[in-house]
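Working notes, structure below.
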Amino acid sequence: MARRKKRKEIFALGNEAVVEGALLAGCSFYGGYPITPSSEIMEIMASKLPQTDDGVFIQMEDEIASMGAIIGASLAGRKVLTATSGPGFSLKQENLGYAVMAETPLVLVNVMRGGLSTGLPTCPGQGDVQQARWGTHGDHPIIVLSASNVQECLDMTITAFNMAEKYRTPVILLLDEITAHTREKIEIPYEGEFEVFSRTIPSMPPEWYKPYEETVRGVPPMPPIGSGYRFHVTGLTHDRNGFPTQRPEEVVELMDRLHRKIDQFFYDIQLVEEIQTEDADTVVIAYGCVARSAELAVQQARANGIKAGLLKLKTLFPYPRRQQEKIMANAKTIIVPELNMGQMSREVKRVNQGRASVRTINRIDGQIITPSEILKVIMQG
Amino acid sequence: MNEITGNEIIHQYLRHNKKFPHVLCPGCGHGIVLGTLIRSIHSLNIPKDDVVIVAGIGCSGRLAVYVDFNTVHTTHGRALSFATGIKMANPKLNVITIMGDGDALSIGGNHLIHAARRNIGVTALILNNNIYGMTGGQSSPATPMGATTMTNPFGQLDKSFDTVELARGAGANYVARGTTFHVKKLEKVLTDAIERPGFSVVEAITPCHTQYGRKNKYKTPVDMYKWMKKAAIPVDRYNELSEAEKEDRLAIGVFVERDQPGFEERYFDLKAKLQAQEEKGGK
Amino acid sequence: MKKHKGKSKVTVYPDWCKGCGICVEFCPSKVLDLTDQGKAVVAREEDCIRCGFCELHCPDFAIIVKDKEPVEADNPTKIAAKKNATGKGA
Amino acid sequence: MKSQQVLQRFEIRFSGLGGQGIITLGKVMGQGLAIGHGYNVTQTQSYGPEARGGSSKCDLVISSSPISYPKAESLDVLVALSQEACNTYYPYLKPGGALVIESDLVKQPPTNQFLGLPYTRLAKDKVGIAQAMNTVVLGSLSHLLPFINQKTMRKSLEAVLPEKIRAVNAKAFNLGLRLAKKEWGDDVGAVWEKE
């Protein structure tokens with residue numbers, strides 16, 4: 001196959017860009033249940049995957065089953081995707097925890113809509129942020145990414161797949177209704193231009209393979225089911241062989257490793273974009289569609305002679321603590337606009353520890369926070 | 001030299017680095033079902049690497065860990081959804097789910113009917129002991145009306161599911177019922193079920209003396225086997241009985257035999273068709 | 001079945017036996033007993049007719065029934081025939 | 001070829017009734033401006049009950065530099081194809097912005113400063129199918145907006161349409177272009193040319 005050296009440009013929806021990104025990252029399995037405003041991801045997958053060499057698309061009976069199906073497919077060696085919104089995200093939490101425990105790579109896109117419960121199905125919101133972090137029961141590590149424009153939808157989907165495979169963990173990509181439903185020109189990178197990471201498979205004879213053995217990275221190799229490595233997968237706390245255990249020292253070893261394999265790679269996982277933060281004494285910390293409003297507000301503030309900057313979060317969890325600490329060298333005021341009652345500002349305040357003045361802008365009426373709203377707060381200083 | 005038979009076959013399929021005896025209670029039929037399943041797979045000459053056992057939660061869920069296949073112990077009720085994903089990801093695998101009655105008929109009831117509707121090429125082995133055993137003897141949707149349980153101390157008020165009728169109505173390709181007393185018959189239907197494409201359901205009646213029997217007039221595990229011996233009759237003979245005679249009887253045997261292609265078969269046929277179209281269009 | 005009588009070796013692994021009593025209750029020849037410690041033991045091996053019930057119904061895979069150690073001099077031709085017939089299960 | 005005009009955040013809103021092809025219009029024009037012309041474009045639209053309830057809305061933001069905020073806030077052009085849409089969105093029009101209306105359907109324009117054409121009637125009578133109305137609009141806007149290269153826009157329109165309806169739409173596009181020129185004058189969009 002001839003390599004395409006030129007990037008192809010398309011005019012695409014955020015949801016469409018997710019599909020493009022997933023396919024570029026090697027996704028070959030989609031299991032889902034439709035829900036607004038994420039449905040286009042599923043619809044486009046339904047038409048594309050059956051036309052690829054090995055792609056499998058299946059519409060399951062509900063979100064719980066969708067998670068089950070993609071976890072099963074991931075265990076059988078596929079790179080897998082599911083997408084959902086608000087109420088569906090709640091239903092996916094049960095098996096999300098299973099995937100963390102069984103160290104199953106998968107990408108879960110949640111297009112956030114407004115409100116709790118069925119809320120505002122066609123309006124944007126950012127109310128699922130802490131649910132993404134803590135939605136499933138029990139102490140667990142999780143990687144949560146976000147995207148604020150259509151190009152990022154593509155790029156961050158690839159990143160999500162790479163992280164899922166590299167760290168053998170579910171990765172949640174949080175979009176919002178605006179980002180998912182905006183059409184923009186995006187560039188599709190050509191093959192070879194971007195990294196595609198696939199899970200490590202064991203390189204020893206099956207008799208010697210211990211599925212959950214300690215490794216340097218804390219990430220054990222993972223063979224696909226049916227490849228000759230027979231082992232037990234369970235959501236129960238398990239020993240190195242994968243067998244259930246309640247021995248405190250084995251429980252601790254497993255839980256430590258699960259957390260450590262994510263925590264120790266913070267430099268690889270915690271992604272932010274700094275816009276004019278070097279000398280900024282007022283910094284907006286934002287993510288998703290609101291980061292776009294914030295960017296315009298910062299530009300306008302600069303035009304008014306105010307040293308404003310933007311720290312755009314692309315990784316929400318593990319929270320990019322070091323990056324916030326860096327901008328706090330100069331920042332006297334931090335502004336956190338978000339479409340919820342203050343879910344990320346908790347994280348910001350936790351790191352801030354009273355040093356800068358943290359101001360929040362919150363909207364929960366299904367409308368985006370506009371640049372002028374943010375500008376107003378910046379001008380107040 | 002002796003031919004390897006009986007439990008020696010089974011020993012070859014057990015995980016040697018796992019502690020035995022298993023965790024189940026004395027006289028629990030689950031072990032018998034596990035042995036039967038192993039003999040079925042053995043008789044079909046399926047390599048261990050090609051077998052995937054997907055189990056749910058509960059006593060039945062614990063069976064998977066003991067056998068030397070690819071084993072996945074999933075969340076409560078969700079075994080079939082995991083199994084669907086595995087089968088679609090790699091249709092060459094023989095995917096068998098082990099579920100309890102609570103697992104398959106209550107929390108996983110939706111997955112059961114949709115797996116049947118889809119006719120996914122998975123064998124659903126449902127171990128029906130009429131009770132939630134592992135969690136301490138609460139009512140399940142298979143608990144008979146009037147029976148005493150921890151959550152129905154004054155007698156079960158609602159009707160129990162008929163697994164066979166449920167699976168038939170939802171579209172399963174193959175539906176059979178057996179008991180842990182009539183082991184050879186159970187082995188036969190289980191072997192048929194694994195062999196047949198599409199979705200197969202085998203309900204194995206297996207006694208739970210600890211949580212169900214003791215509270216419901218079966219004093220020892222053996223009493224429960226005596227009950228099964230007496231109650232179970234082949235389905236054709238059962239159908240000849242009057243309604244009154246049917247009351248205390250249990251029909252066993254094969255109830256549904258269809259030959260619809262499995263979902264995976266239809267999906268991969270579609271893919272092939274699309275690819276052929278594309279090649280045609282390309283030229 | 002009668003022809004097997006007296007030719008079987010029945011083994012119960014006490015470590016695996018949980019003493020549920022199914023084998024003892026349903027053995028048609030009453031080969032097995034329950035001990036005071038609640039384990040099945042082989043009491044009347046000679047009576048075993050090799051029906052296979054105990055093996056199939058032992059929930060803990062603790063019972064093995066097979067041929068007695070063959071004594072070469074007894075019936076060499078029969079043993080040889082059996083050897084050849086063996087194809088499965090190895 | 002004329003070098004491309006530099007644009008700072010130009011906002012267009014298409015609004016009207018469901019079934020008028022408003023979303024398609026926005027998508028086609030957005031695609032033409034983004035891929036054909038190379039501008040940065042964001043297109044957003046109404047969804048759900050809002051979209052099913054009979055009214056329809058589609059926004060384009062066009063700029064030479066990256067677009068931060070993707071939704072239209074203060075409109076340079078409002079295209080209103082129903083009276084209700086005109087009433088609802090007219091307040092969002094910038095001072096000096098252009099109001100483009102379907103002159104048969106918007107009987108009471110809120111201002112006397114507007115550009116109108118009887119789009120539906122034109123499509124039905126001159127093109128032969130009412131559904132080509134949105135392409136007539138596209139044609140007229142291609143005349144109105146000086147940063148649109150008419151050839152490029154026509155080409156990208158043809159690229160996105162299935163072959164069966166390409167000829168009809170080319171006809172509709174040319175009709176809109178011609179009539180806008182005739183009715184609105186040659187220099188109707190001159191105000192944006194200076195930018």
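Letters A, B, ... are given to chains in the order of the sequence lines, protein chains preceding strands, and every chain is numbered from 1. Just so you know, these numbers come straight off a predicted model, no measurement behind them.
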Other residues, nucleotides, ligands: >12 heavy atoms within 6.0 Å of A:I364 CD1: no

So does D:Q83 have more than 12 non-hydrogen atoms from other groups sitting under 6.0 Å from CD? yes

Quick one, A:R292 and D:T42 - any side-chain contact, counting heavy atoms below 4.5 Å? yes

So, the part of A:I369 with a heavy atom under 4.5 Å from chain D: the answer is backbone

Does a donor on one side chain sit under 3.5 Å from an acceptor on the other, for A:R183 and D:Q31? no

Could you tell me whether A:F194 atom CZ has more than 12 heavy atoms of other residues or ligands within 6.0 Å of it? yes

Got a sec: does the CZ of D:F147 have more than 12 other heavy atoms crowding it under 6.0 Å? yes

Donor-acceptor pair, side chain of A:K185 and main chain of D:V41, under 3.5 angstrom: no

Among A:L13, A:T36, A:I178, which residue forms the greatest number of heavy-atom pairs with chain D at distances under 4.5 Å? A:I178

Near A:Q380 CD, under 6.0 Å, is it more than 12 heavy atoms from other residues, nucleotides or ligands? yes

Within residues 63-74 of chain D, residues adjacent to chain A where the heavy-atom gap is under 4.5 Å: D:I67, D:S68, D:Y69, D:P70, D:K71, D:E73

For A:F11 and D:A34, the nearest pair of non-hydrogen atoms, with its separation, is CD1-CB, 3.6 Å

With a 4.5 angstrom heavy-atom cut-off, is it the side chain or the backbone of A:I10 that approaches chain D, or both, or neither? backbone

What part of A:T370 gets closer than 4.5 Å to chain D, counting heavy atoms only: side chain, backbone, both or neither? both

For A:T182, which of D:T44, D:D59, D:V61 qualifies under side-chain contact (heavy atoms from CB on, under 4.5 Å)? D:T44

